[in-house]
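Report on one structure; see the data block that follows.
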Amino acid sequence: MSPMFVPGPVDVAEDVLQAQARPILPHRSPEFEDIFHRAEAKARQLFYTQHRVFITASSGTGLQEAAVRNLAKEKVLACVNGAFGKRWAEVAETNGKKVTRLEAPWGQPITPEAVAQALQQEAYEIITVVHNETSVGLENPIQAIAAAVRAVSPNTLICVDAVSSLGGAKLEMDAWGLDMVLTSSQKCLALPPGLALGAVSDRAMEKAKTVPFRGWYFDFLRLEKHRLKDSTPATPAVSLVYALDYQLDRILAEGLENRFARHEAMAKRVRAWATARGFDLLAAEGYRSKTVTAIFNAHGIGAAEINDYLRPRDMRIANGYGPLKGKAFRIAHMGELQMHDIETLLAALDELLQSREIPTEG
Ligand SMILES: *Cc1c(COP(=O)(O)O)cnc(C)c1O
């Protein structure tokens with residue numbers, strides 16, 4: 001397997017791919033319901049929640065939409081400090097919600113102080129915030145933000161996008177008092193694309209009962225009715241659920257704490273490599289992502305030059321996202337990647353720099 005250092009879709013282990021190849025079971029069968037039941041129970045451990053996890057046939061963005069449709073009649077405070085926070089604000093706006101954007105410059109965190117101030121000025125039903133802003137390689141301080149929300153506006157529901165962090169960086173839904181946390185299969189969980197997982201608190205379920213026009217496909221009340229029967233309202237992605245069930249066993253066998261430590265060690269190694277070679281990191285110190293590092297181009301080197309060099313070596317990294325395309329590049333260190341993969345990548349990048357007579361350290 002040639003490693004891809006891109007923040008999704010990531011490489012999937014061969015045996016996880018193979019787990020999908022089992023014969024298709026009818027979803028309303030006891031055999032499939034058993035698998036679905038197991039997968040959901042294990043998924044709760046990933047979110048550190050005692051509540052429920054909905055498993056939907058969609059990508060993560062589908063659950064961004066579900067959050068705003070189920071949990072807000074009208075007023076949404078959307079935190080935006082990167083492309084995916086911005087997307088969530090747009091998702092809320094295009095679903096007819098009244099959205100106030102709380103912005104921070106890309107590369108700077110959303111602070112609990114700014115959130116507290118916004119909530120003091122006005123009442124909001126929900127706040128949306130991204131845990132790991134993949135576009136800028138930044139981790140927002142979710143625990144502190146959630147504490148600020150609870151202190152100032154206890155009824156505001158806290159919705160968190162953990163698409164590029166869940167299973168790679170710690171996020172404790174219940175202990176931190178979060179109401180909805182969503183993720184996608186194709187990032188830190190290292191599954192094929194096509195599934196989204198959303199954990200929803202009891203008080204969020206109560207709120208959903210009062211919100212009209214929740215839609216059909218992602219209606220939390222309908223999803224819950226079927227979840228209690230170990231199923232989904234519409235046909236689930238049966239093969240992907242096999243892979244999820246199998247991969248969650250692998251993840252829990254590695255151990256969540258070990259997995260977080262592996263991701264963090266790879267992040268530290270990549271950051272140290274970049275700064276030692278005169279590259280600047282996009283995200284502010286203290287808020288750097290554990291799963292993807294965003295680096296400004298320097299020495300005339302960016303994603304295009306790097307990928308030209310890596311392609312014959314069967315590796316690739318990611319370009320900057322949106323407005324940062326061509327200005328920055330991103331090295332993902334998530335999913336199945338191990339430190340030795342990072343060492344292979346960084347050795348190749350050093351060769352590239354040396355070929356251009358750019359100094360490198362040993
Ligand atoms: C990738 C990503 C998304 C979009 O997820 P899809 O599964 O492609 O819908 C949303 N938020 C973050 C933080 C992401 O990294």
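We count ligands from 1, going down the list as the structure has it; atoms in each ligand are counted the same way. Scope of the values below: all heavy atoms of this structure, side chains included, with no hydrogens, waters or symmetry mates.
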Worksheet item: Relative to the ring of Phe329, is the ring of Phe279 parallel (under 30°), tilted (30 to 60°) or perpendicular (over 60°)?
Response: perpendicular

Item to complete: For the residue pair Glu336 and Gln247, confirm or rule out a side-chain donor-acceptor distance under 3.5 Å.
Response: yes

Item to complete: Could you check which of Thr61, Thr183, Asp161 puts a non-hydrogen atom nearest to atom 11 (N) of ligand 1?
Response: Asp161

Discussion item. When you compare the side chains of Gln117 and Gln121, does any donor N or O come within less than 3.5 Å of an acceptor on the partner?
Written reply: no

Practice prompt. Give a yes or no on whether the ring-centroid distance for His27 and Phe36 is below 6.0 angstrom.
Written response: no

Discussion item. Assess whether a salt bridge exists between Arg227 and Asp230, defined as any Lys/Arg side-chain N lying under 4.0 Å from an Asp/Glu carboxylate O.
Written reply: no

Worksheet item: Does some side-chain heavy atom of Asn95 sit less than 4.5 Å from a side-chain heavy atom of Phe213?
Response: no

Worksheet, complete the sentence: Filtering Ala83, Gly194, Ser184 for the heavy atom nearest atom 5 (O) of ligand 1 leaves Ser184

Practice prompt. Would you mind listing which atoms of ligand 1 come within a distance below 4.0 Å of any non-hydrogen atom of Arg87?
Written response: 4 (C)

Discussion item. Distance under 4.0 Å to a non-hydrogen atom of Val130: what atoms of ligand 1 satisfy this?
Written reply: 13 (C)

Fill in: Separation between CG of Asp350 and CD of Glu343, rounded to the nearest 0.5 Å
10.0 Å

Discussion item. Suppose I only count heavy atoms of Asn132 and a 4.0 Å limit; which atoms of ligand 1 are within that range?
Written reply: 13 (C)

Worksheet, complete the sentence: atom 6 (P) of ligand 1: closest protein heavy atom, distance to 0.1 Å, is Ser59 OG, 3.3 Å

Practice prompt. Say whether Glu133, considering both its backbone and side-chain N or O atoms, lies within less than 3.5 Å of an N or O atom on ligand 1.
Written response: no

Worksheet item: For atom 8 (O) of ligand 1, what's the nearest protein heavy atom and its distance?
Response: Gln186 NE2, 3.5 Å

Worksheet item: Starting from atom 12 (C) of ligand 1, which protein heavy atom do you reach first, and at what distance in Å?
Response: Phe84 CG, 3.4 Å

Worksheet entry | Taking atom 15 (O) of ligand 1 as the reference point, the nearest protein heavy atom with its distance | Thr134 OG1, 2.4 Å

Practice prompt. Decide, yes or no, whether a salt bridge links Asp219 with Arg69 under the criterion of side-chain N to carboxylate O below 4.0 Å.
Written response: no

Response to the item:
Logged contact type for His131 with ligand 1, heavy-atom cut-off 4.0 Å, is neither

Item to complete: Indicate whether the side chain of Ser153 and that of Tyr124 have a donor and an acceptor atom separated by less than 3.5 Å.
Response: no

Discussion item. With respect to Gly60, determine whether any N or O atom, backbone or side chain, lies less than 3.5 Å from an N or O atom of ligand 1.
Written reply: yes

Worksheet item: For atom 14 (C) of ligand 1, which protein heavy atom lies nearest, and how many Å away is it?
Response: Lys187 NZ, 2.9 Å

